[in-house]
Amino acid sequence: MSQILSPLPGTFYRKPSPDQPNFKNVGDAVAVGDVIGLIEVMKSFNEVTAEEAGTITAFHAEDEEPVMAGQPLVELG
Amino acid sequence: MQKLLVANRGEIAVRIQRAAKELGLATVQVHSSADADSLAVKMADEAVLIGPPAASKSYLNIAAILKAAADTGADAVHPGYGFLAENADFADAVVAAGPIWCGPSGDAIRVMGDKVAARIAAEAAGVPVVPGSDGRVDDPAHARAIALAIGFPVMIKAAAGGGGRGIRIAHDMDEFDRLMPQASAEAKAAFGDGGLYLEKVIERARHIEVQVLADGTRAIHCFERECSLQRRRQKVWEEAPSAALSPELRAKLCASAVALAEAVNYRGAGTLEFLYDDISGHYYFIEMNTRIQVEHPVTEMVTGLDLVREMIRIAGGEPLRYRQEDIHLRGHAIEVRINAEDPAQGFKPGPGTISSLTVPGGAGVRFDTLLYQGYTVPPFYDSLLGKLIVWDEDRPAALARMARALDELQVGGLPTTKPLHQALVRDEGVAKAAFHTRWLEPWLEENAPRLSKEIAE
């Protein structure tokens, strides 16, 4: 069990752009380095990547939700 | 006009409230939940929460802003810059709902906001535009004739395109003959329309813009600003006047701007942007901004005007209070943008809490900012923290004063672009004003590593 935390404060996005599917969904396997979302901070976009492999069991933040640095975004099982 | 609602945030919201208060107006500040502690909210007579942090749900939420105006009895709305400032539908909606709109009419925004329509208006007013094909060209022989007439390098653009797609640059006729069919095929594939148009490439141009004030019948200019120091098309340093213009050329450029503003019956404050090629001596109109601009203070410093106050007066129905001969250019002003970005790390943004703040002072120094000690800069909006502006009798003195003011400025708790400006203000190229719009980016590639720490003098 581990979590992926937001590296930055900003707005969390689950998709690369509004008209595209989510990077990852609950039940998806992630490998180290996989992008699980974006954090927009002051109009610049930063990828959030997995530092451990696992399977996503939950998202703790919604698409377009404001998040704080260190806030859990994803639960890995 | 009794009560002005500010439909914006940050330093410009503070700036607008200052002008409003001096005119005896009460102020209403709308804000997102992320801006509840902002300086603009603290300054305002009334504050109204209009939505969550996302700008799309707050500062761009027309219904919420109009409701705030109705609920507070605000009888005027100032849009600042960015967000809804150049949204013609918002301008119309404000007027339809009752309040005075502090800006040009929705129709004026529509005409000048559309690049093709603005180009046509400029040509009709006798203002030079970037030479090009004046619309689409389908016949290859005609295209070759136009390319020869406007001179290489020539930009080939898809008539139906946008966002830089389908653009090719030909440096001579051989290349032109090779690229035209490619560009047409690509445009056809991408947009279903193979139509192309041509525009001359202005390679080493300066960005020079003219400030105008107008009341719908009469327009005056307030001289020019030069904003050639840019990164990714964002201005980082602005000054007035431009060191590159002779008095004769300045007069001609400013007269062009007035002619165009009057031709479209412009009302309010506006800026006409030009590219100036100082090798050929030609200038070309590129677009008009139908709002107050970030860099308006440099004009205020060299003319003594208060542009925001004037635009509010004009919106309130007063005729322009000045004749052209009342506007005098005195000395030199420079503005630098202090952003929450680390210039040594690719301008990585760094929101955070202001642990300490020392604001520079002394003669000829102005700092327009949203900061106060203890304020937490939210991550949801742009990175502009403030603008440091200096005035002095001439450009070398203004540079020395800027260097001194930058050394005095201390912003603790987050990275800022101050080290960039400390290096620029001491740079030989900057001292000679020997720059153009593509000067700063290569300079940054060379100098970025040394911008990691502040320069102590």
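Naming convention: chains lettered A, B, ... in sequence-line order (proteins, then strands); numbering from 1 in each chain.
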**OP:** Tell me, yes or no, whether the heavy-atom count around A/E47 atom CD, taken from other residues, nucleotides or ligands under 6.0 Å, exceeds 12.
**Re:** no
Subject >> B/P52 portion near chain A, given a 4.5 angstrom heavy-atom threshold >> reply: neither
Original post:
Which pair of heavy atoms, one from B/P349 and one from A/V41, lies closest together, and at what distance?
Top reply: CG-O, 3.5 Å
**OP:** State, yes or no, whether a side-chain contact exists between B/P53 and A/T11 at a heavy-atom distance under 4.5 Å.
**Re:** no
**OP:** Decide if atom CD of A/Q3 counts as having more than 12 heavy atoms of other residues, nucleotides or ligands within a radius under 6.0 Å.
**Re:** yes
Subject >> 4.5 Å side-chain heavy-atom contact, B/K57 and A/E64 >> reply: yes
Subject >> Interface moiety of B/A340 toward chain A, non-hydrogen atoms closer than 4.5 Å >> reply: both
Original post:
Got more than 12 heavy atoms from elsewhere within 6.0 Å of CD, A/Q20?
Top reply: yes
**OP:** Quick one: closest heavy-atom pair of B/S383 and A/M42, and the distance?
**Re:** CB-SD, 3.7 Å
Subject >> Atom of A/G10, atom of B/F380 and distance for their closest heavy-atom approach >> reply: O-CE2, 3.4 Å
Subject >> Separation of B/Y381 OH from A/E40 CD (nearest 0.5 Å) >> reply: 10.5 Å
Subject >> Minimum side-chain heavy-atom gap B/K348-A/N46 below 4.5 Å >> reply: no
